[in-house]
Amino acid sequence: MEVHEMRLHPQPFTRIREGTQVIESRLNEVVELIHAPTFRDLFAMRPLTEFGIEDGNFERVENMYQYYNKEDEAKYGVIGIKFKKLL
């Protein structure tokens, strides 16, 4: 099981833990959601500089497997989240 750290106040945390809350609401700082079957596909869809990667450096793609395994990648697919800076 993957662990994802997220800051929550005690009440919503308790509701999520108990299963009575399955959706957490946040500010919409997202410009776009980019869906892809694999990390390699995701990184190939956009200029690598948008991911903070120097062009041609595909090492970062392989580094994604430090956090996620290929079985989950195949099962769920991947997503890129494009943010906008608020201030």
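Predicted, not measured: the structure shown is a model, and the values here were computed from it. The figures here come from the full heavy-atom set of this structure, side chains too, leaving out hydrogens, waters and symmetry mates.
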Looking only at non-hydrogen atoms, find the nearest pair between Asn69 and Asp72 and report the distance. OD1-N, 2.7 Å

The complete set of side-chain hydrogen bond (donor to acceptor under 3.5 Å, both in side chains) pairs with one or both residues in residues 9-22, sequence neighbours excluded, reads Arg15-Gln21, Gln21-Glu24

Decide if atom OH of Tyr65 counts as having more than 12 heavy atoms of other residues, nucleotides or ligands within a radius under 6.0 Å. yes

Mind checking whether Tyr68 and Tyr76 have ring centres under 6.0 Å apart? no

Once you round to the nearest 0.5 Å, how far does CD of Glu50 lie from CD of Glu32? 8.0 Å

Check Thr38 against Val78 and note the closest heavy-atom contact, atom names and distance. O-CG2, 3.4 Å

Cluster overlap Phe51 with Tyr67, hydrophobic side-chain contacts below 4.5 Å: yes

Which atom pair, heavy atoms only, marks the closest approach of Leu48 to Phe43? CD2-O, 3.6 Å

If I compare all heavy atoms of Met64 with all of Phe39, which pair ends up nearest, and what's the gap? CE-CE2, 3.5 Å

State, with a plain yes or no, whether a side-chain heavy atom of Ile81 is found less than 4.5 Å away from one of Leu33. yes

Residues forming a salt bridge (charged side-chain N to carboxylate O under 4.0 Å, His left out) with Glu71, sequence neighbours excluded: none

Nearest 0.5 Å, what's the CE-CD1 distance between Met45 and Ile34? 6.5 Å

